Amino acid sequence: MYPTVAEVLALPVLRQGRPHVVAGTAGLDAPVRWAHVAEVADIAHLLRGGELVLTTGVALPDDGPALARYVADLAGVGAAGLVIELVRHWSDKLPAALVDAAEKHGLPLVTLSRETRYVSVTEAVNGQIVDAQVAELRAAERVHETFTALTVAGAEPGVVLGEVARLTEQPVVLETLSHEVLAYDAAGTDPADLLTGWPSRSRVVQLGERTGYHAASGWLVTVVGARGHDWGRLVVVCADQPPHRHRVVAERAASALAVHRLVAKDSDGLERQAHRAVLNELLASPAPSAELLARASALAVPLAGRQLVGLAVRPRLAGNRPALSTPPVLRELAEATVLAARRAKVSALVATDELGVRALIALSPEANADTVLHRLATDVHEARGSAPGVLAVGTTVLSPAEAGRTLLEAGQVAAAALGTGSERVLHRLSDVRLRGLLHLLSGDERVTAFAQRELGPLLQRDAASGSRLVQALRHYCEQGGNKSAAAAAAHTSRTAYYQQLARIEQVLGVRLEDPESMLSLYVALLAADLTRSSEEDSPGRGAQ
């Protein structure tokens, strides 16, 4: 808002006086709050700081100690500089005591070799300052209007941060109080450079006020929170001391973010949204970028040099059917997974998806993956005792480039395990066997066509006559061809059940005692179950 001493000296009205800086060049960047003409030596106590003092020197003493005291007093109240006209008192040069004192205190001392109209100088300088203040007020009003509109519209954090970056032309980051990056806008700079090593860099930036500038790091920081509950910090990265309007932008943005969190309290938190974004990109990226790895690290989940394991958690209802989970159920499940990861002392990316929770566990190279995962799964089950679910993991991988594979495997294992009725604490690929293979192929039209060829006539017979031959066949296959056990499982007499088996053989034109026939039919039943499950789960299902 205020011009510097150097900028004031560059004004035409002062350049006409041929200004020459004789001492205190280190202070030329000091802001000038006002230009003040003072022809008395005892002026310091009347100043407030930031003034550029203009004098002809006629009232100044000639003895060295008095001149040194005069300069010391000006520097003590924070004067921006001292300008002396070499016309009336001193016509050639200033006393050495005056120059030495100004250099000692870092106070810019400027001489004018020509007579200068100080009234014109004060008009020019103070007019420039007033114009800048008016412009600053107008800019603050526009900032207020902008962020008020964003708050009323319920703008997402990414939109708010984008506006901060536009108004300040500087990178901006929203972080938790634990120094995990929730959102950012790099303002055209390299995101990897912005985020690399963020948590450790952020921990050293501590301020004793809600908004302040940390010169060592070049960060303008303001606390984000409402109703006495602070939950994050907004950081504008600016190498130089930021102007006042940047502080206004940061504080108004922090208010908008705090209101958004209060209004959106029934939706996923910013932490889960940030984790979901990284997980989705890992699933979509065969070769994660440096920016993506930096984002994960900024969430306190470094991926390089770690053992990575995909985890899927799915709630289920009676009959081993997937639960049509509501957002509150999914959030509860996600928080249980986060808490379990903390108890296991492992870092993890955790987010909800359409059916449950998806997570990527990052373990140190020395960790025993099986032990850690079993403990984590046990904690989640205990936390979800009222609504048990299925926990599944993918293969342990050693490269971020393979993170997508282990995440996909975990989801496929969980989907397959839901249909088994198994009460295992943790499911792996080796546990779901044939059902897992069919889940991997569930989107293949050839598998669907195979199931239709094998079971089509039987399904048509059941639909036309109301018979339950498909269910009878299922019991037969699940009991490994043991007719007596299958009849008991179907709660049907042996005679009636044997008649059903005979009709199945007649309709399908096969012998059930043939091992290949029974195997083919059982595979077709499992494939048909997967197709039906997919069709029932898909309508109206969207990303959480």
Side-chain angles (χ1 to χ4, degrees), residues 140 142-187 191 194-195 197-215 217-238 242-278 294-295 297-301 331 335 338 350-351:
R142 289 194 296 271
V143 168
H144 175 76
E145 292 173 351
T146 296
F147 286 103
T148 297
L150 291 176
T151 301
V152 172
E156 293 292 329
V159 176
V160 175
L161 265 60
E163 197 63 30
V164 175
R166 184 184 71 82
L167 292 171
T168 65
E169 298 182 340
Q170 303 292 340
V172 58
V173 174
L174 175 63
E175 66 169 8
T176 68
L177 294 181
S178 300
H179 312 290
E180 298 177 12
V181 174
L182 299 176
Y184 69 93
D185 190 306
L194 174 65
L195 300 178
W198 182 272
S200 58
R201 290 159 53 203
S202 178
R203 288 189 189 96
V204 303
V205 179
Q206 299 297 330
L207 301 172
E209 51 190 335
R210 291 194 68 81
T211 301
Y213 181 67
H214 191 268
S217 62
W219 286 9
L220 171 62
V221 182
T222 187
V223 176
V224 183
R227 297 179 180 176
H229 176 63
D230 297 332
W231 52 265
R233 300 199 306 178
L234 187 68
V235 179
V236 180
V237 181
C238 38
H244 177 70
R245 65 178 177 275
H246 286 188
R247 292 173 179 262
V248 174
V249 169
E251 290 174 346
R252 292 293 289 120
S255 297
L257 292 167
V259 171
H260 177 272
R261 185 174 178 115
L262 290 174
V263 173
K265 62 183 179 181
D266 290 331
S267 64
D268 259 353
L270 293 175
E271 295 89 341
R272 300 284 72 77
Q273 294 177 28
H275 283 219
R276 182 187 299 112
V278 174
R295 285 167 56 191
S297 181
L299 286 167
V301 187
R331 288 198 298 274
E335 291 307 315
V338 170
V350 181

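Sequential numbering from 1 along the given sequence is applied to the chain's residues. Quick caveat: nothing in here was measured; it's all calculated off a predicted structure.
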Calculate, to the nearest 0.5 Å, the distance between atoms NE2 and OG1 belonging to His144 and Thr151 respectively. 9.5 Å
How would you list, by chain and number, every residue that makes a side-chain contact (heavy atoms from CB on, under 4.5 Å) with Glu271, sequence neighbours excluded? Thr176, Leu182, Arg261
Tell me every residue that passes side chain to side chain donor-acceptor pair (under 3.5 Å) with Arg233, counting only those two or more places apart in sequence or in another chain. Glu175, Ser202
Any chance you could measure Leu177, atom CG, to His179, atom NE2, to the nearest 0.5 Å? 7.5 Å
What residues, two or more places apart in sequence or in another chain, satisfy side chain to side chain donor-acceptor pair (under 3.5 Å) together with Ser297? none
Contact summary for His275 and Ala351, nearest pair of heavy atoms: C-CB, 4.3 Å
Gly197 versus Ser200, closest heavy-atom pair with distance: O-OG, 2.9 Å
Partner residues of Arg201 under the salt bridge (Lys or Arg N to Asp or Glu O under 4.0 Å) criterion, sequence neighbours left out: none
Quick one: closest heavy-atom pair of Pro242 and Tyr213, and the distance? CD-CD1, 3.3 Å
Under the rule for side-chain contact (heavy atoms from CB on, under 4.5 Å), what residues qualify as partners of Thr168, not counting sequence neighbours? Val164, Gln170, Val236, His246, Val249
Applying side-chain contact (heavy atoms from CB on, under 4.5 Å), can you list everything that pairs with Ala274, at least two apart in sequence or on another chain? Leu299
Tell me, please, which residues at least two apart from Arg142 pass salt bridge (Lys or Arg N to Asp or Glu O under 4.0 Å). none
Do you know the tightest heavy-atom contact between Leu220 and Ala250? CD2-CB, 4.2 Å
With sequence neighbours excluded, residues passing salt bridge (Lys or Arg N to Asp or Glu O under 4.0 Å) with Glu251: none
For Pro191, enumerate each residue passing the side-chain contact (heavy atoms from CB on, under 4.5 Å) test, keeping only those at least two apart in sequence or located in another chain. Tyr184, Ala186, Glu291
Under 3.5 Å, is there a donor-acceptor pair between the Arg247 and Thr222 side chains? no
For a side-chain contact (heavy atoms from CB on, under 4.5 Å) check, start with the C-alpha distance between Thr148 and Arg252, then their side-chain angles and the critical distance, and finish with the verdict. CA-CA 8 Å; Thr148 297; Arg252 292 293 289 120; 3.0 Å; yes
Which pairs with one or both residues in residues 155-169 pass salt bridge (charged side-chain N to carboxylate O under 4.0 Å, His left out), sequence neighbours excluded? Glu163-Arg166
Can you sort out the partners of Glu145 under salt bridge (Lys or Arg N to Asp or Glu O under 4.0 Å), two or more places apart, ordered by chain and number? none
Leu161 and Val172: which non-hydrogen atoms are nearest, and at how many Å? O-CG1, 3.4 Å
Please identify each residue that fulfils side chain to side chain donor-acceptor pair (under 3.5 Å) with Trp219, with sequence neighbours left out. none
What is the minimum heavy-atom distance between Val204 and His214, and which atoms define it? O-NE2, 4.0 Å
Just verifying a value: how many Å separate Ser255 OG and Leu150 CG, rounded to the nearest 0.5 Å? 12.0 Å
